[in-house]
There are 2 protein chains.
Amino acid sequence: MPSARDEAAPPTMSDVARLAGVSVMTVSNVVNGKDARVSQAMRDRVHEVISELGYRVNMPARALRLGRIGVVALAVPMLDDLYYGEVAQRLADRFEDHGLRLAVESTRGALTRELAVLDDSRLTTYDGVVLAAAAGDASVLEGLQPSTPLVILGERSVPDRFSQVSMDNRGGALRATMDLLRLGARRIALIGGATDGGEGMAAGRTAGHLEALDGAGVARAAELIVPAGVRPQDGYAAAASLLDAGVAFDALLCVTDALALGAMAAVAARGLRIPEDVQVIGWDDTAVGAMATPALSSVAPDNAAAAEVTVRLLMGRIESPSFPPEHVVVSTEVRHRGTTRR
Amino acid sequence: MPSARDEAAPPTMSDVARLAGVSVMTVSNVVNGKDARVSQAMRDRVHEVISELGYRVNMPARALRLGRIGVVALAVPMLDDLYYGEVAQRLADRFEDHGLRLAVESTRGALTRELAVLDDSRLTTYDGVVLAAAAGDASVLEGLQPSTPLVILGERSVPDRFSQVSMDNRGGALRATMDLLRLGARRIALIGGATDGGEGMAAGRTAGHLEALDGAGVARAAELIVPAGVRPQDGYAAAASLLDAGVAFDALLCVTDALALGAMAAVAARGLRIPEDVQVIGWDDTAVGAMATPALSSVAPDNAAAAEVTVRLLMGRIESPSFPPEHVVVSTEVRHRGTTRR
DNA sequence: TTGTATGCGTTATCAA
DNA sequence: TTGATAACGCATACAA
């Protein structure tokens, strides 16, 4: 049975007003720093009572009244991901310049319920949402006509009415593969590749990879396209499966740095040398990848540009619902470090 | 000048009700799945109008009415951190079991303003807050009497009225150092150590480290305690500074895996072998660390237990304001992998 | 099964 | 400079 203390509601502006002997509006004005509308004496009196009561503004009430929350969300598949972590911090810093906080939420659980990624609550609890749509069913977006400003991060084709920021997957994979070929590789395994077409991130990178092979007249080999999950362990397992099966390869193109780090570990565990026996290129240009041994070469998207345009598109939509949606593709470049030969 | 479209407010329940020719309450009941209170015909009618209008529940309004939000926050110093990423995903999964979403926010910007870590908005926009208080001024908490349920994650001493979950820093560092000594190390550098006492995470781990040295009769060496930042790059710089200065060492104890990964890169860049020339132990037992080459030995906190108790303490407080605060210390164990000798 | 009235805590507006 | 009033959108309690 709840005690009396359990029922004690947090103090409200009315409580402060009553105790200070002023009106609620005066408290509101003090709280919001509208100094021009409150005398010094009143201000002091109110502040005194506020700290005495431990009063805090009720944000939902304020949000209801103002029609805005002051927070935008970034929805990512998982919170413990190297790349999304960096994306999140970059976005947080930039949104803060606009007076908005960034809240990061995981869609992992929600994805199992398909449609729920963009359910009511996730959308309308925020002034805007950046959705990193790595997986899941693209058709989710078809019927959606959100009133909440929304920017899609990722490669899946989405209806024109949505703003989207993606990167040049095909081009990046094309150049990375060409670089590997130029550096002597002939049997390049694609870790995290897509075997079944489709239109996600993996599909785009796979397409670019195959295009490079074809262009160079190097035969494709089905066994060298290895689907994988997203964690470093998945990269390890993928590379290990090749080694266990006796599939020969002299290079690994991995669709993320996370996979590459795992794949490197599997290769090293077999006593193979990087880059002498096996060259490796990852994707995302993460800080951890650059600190690997050897330092991981990586396809580097223009992350700063991506963050900037994401914020611009979302802010535009927040400030004006008629802001036209855009689809922006940011460029990528291959950054060679220690896992590829000079 | 804003166009007419810019002023179009999102549809409300009233709009739906009017168009469907029913009362607002019927719409509310439909939206909330109270099927027992609405006939099938009504339900269909309302759903039709809802999708026609693209209606979404206004969460701030619902939150104001219900007195709860359905979201708890995890406030971390930075979003692009290996360990906090894993902590976040674990907590998100566990809170979801209780019907609560987790929103991760960065305090990085706020920390520059000292007190603002726990400002009004950050607290009252959520049903509860888990604060990872790695840095910043402990005195921030002194005057705070939050009505929002709060659990502190971290090592700083906090007032008894707060629930806190920390880990056995002293014990973990003690055992890690003893292990290194047992494995033949005599000159152990502490990367990320605290040179000036204090009470943070680094201070606790430094104390345990020194205690082990003293216990084994191994002389302390001031030049082997190397303060560092938190990113892998900072670990690289710290180890590199030792090497550049010609300070000899045969082992590195790093206060985080992130620092260890960077330090390993610096060591390897000098042609030193791990673990033959230099043994390394990190802290946090991250997935990426386990995938390093060689696999990073690490002090592993009982992360599952930490998440579980964190959720228990916060949920307890959310469900009953009189729930007594606790200070729980989770155990740590040294997990030996490839960066230490067998 | 459906509808009406009321209030959650805040702030804009207008009056004093 | 201060205060009274109304309204933001929703859901509980109760009436029909």
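In this text the structure is predicted, and so the values were computed from the model without any measurement. By convention in this document, chain letters (A, B, ...) are assigned in the order of the sequence lines, proteins followed by strands, and residues within each chain are numbered from 1.
- The side chain of Asn32(A) sits closest to dT11(C) out of dT11(C), dT2(D), dC10(D).
- Along DNA chain C, the nucleotide nearest to Leu66(B) and the one nearest to Val38(B) differ in position, and the one closer to the 5' end is contacted by Val38(B).
- Arg94(A) has no carboxylate O lying under 4.0 Å from a charged side-chain N of Asp97(A), or vice versa, which leaves the two without a salt bridge.
- Contact annotation: Ser23(B) does not reach the phosphate of dT2(C) (side-chain N/O to OP1 or OP2, under 4.0 Å).
- At least one side-chain nitrogen or oxygen of Ser39(A) sits closer than 4.0 Å to the OP1 or OP2 atom of dT2(D).
- Atom CE in Met59(A) sits roughly 9 Å away from atom P in dT11(C) (whole-Å rounding).
- Using modelled atom types, no side-chain atom of Ser106(B) and backbone atom of Met78(B) make a donor-acceptor pair closer than 3.5 Å.
- If you measure from atom CG of Asn58(A) to atom C1' of dT11(C), you get 13 Å, rounded to the nearest angstrom.
- In this entry the distance linking CZ of Arg18(B) with P of dT2(C) reads 20 Å, nearest Å.
- As a whole-Å value, the separation of Ile69(B) CD1 from dA11(D) P is 14 Å.
- Considering every non-hydrogen atom in both Arg317(A) and Pro325(A), the closest pair reads NH1-CD, 3.7 Å.
- Listed candidates were dT10(C), dC10(D), dT4(C). Nearest to the side chain of Val57(A) is dT10(C).
- Between the side chain of Arg65(A) and the base of dT10(C), no donor-acceptor pair under 3.5 Å is found.
- Protein atom CG of Leu64(B) is 9 Å distant from nucleotide atom P of dT10(C), rounded to whole Å.
- Mapping Val24(A) and Arg37(B) onto DNA chain C via the closest heavy atom, the residue that lands nearer the 5' end is Arg37(B).
- The residue Ala36(B) sits close only to the backbone: its heavy atoms come under 4.0 Å of sugar-phosphate atoms, none of a base.
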**Report entry** Candidate pair Leu131(B) and Leu150(B), rule side-chain contact (heavy atoms from CB on, under 4.5 Å), full reasoning
**Finding:** CA-CA 7 Å; Leu131(B) 174 68; Leu150(B) 183 64; 4.2 Å; yes
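- Following rounding to the nearest Å, Arg45(A) (CZ) and dT1(D) (C1') show an atom-to-atom distance of 17 Å.
- Contact between the side-chain N/O atoms of Thr26(B) and the OP1/OP2 oxygens of dG3(C) is found at a separation under 4.0 Å.
- Residue Met13(B) is in sugar-phosphate contact alone, with no base atom involved, counting any heavy-atom pair closer than 4.0 Å across all strands shown.
- The two residues Val71(B) and Leu100(B) come nearest to each other via the heavy atoms N-CD2, 4.0 Å.
- In this structure, the side chain of Asp93(A) does not engage the main chain of Arg90(A) through any donor-acceptor pair within 3.5 Å.
- When the local axes at the two ends of the helix from dT1(C)-dA16(D) to dA16(C)-dT1(D) are compared, using 5 base pairs at each end, they differ in direction by 40° after rounding to 10°.
- Per the geometry, CZ belonging to Arg56(B) stands 17 Å off P belonging to dG9(D), to the nearest Å.
- Contact detail for Glu155(B) and Ser166(B): the closest heavy-atom pair is OE1-CB, 3.4 Å.
- Closest contact between the side chain of Met25(B) and the listed nucleotides dG3(C), dT11(C), dT12(D) involves dT12(D).
- The minimum heavy-atom distance between Ala20(B) and Arg45(B), with the atom names listed, is O-NE, 3.7 Å.
- Comparing dG9(C), dA4(D), dA5(C) against the side chain of Thr12(A) picks out dG9(C) as the nearest.
- The distance between atom CG of Asp15(B) and atom C1' of dC8(D), rounded to the nearest whole Å, is 13 Å.
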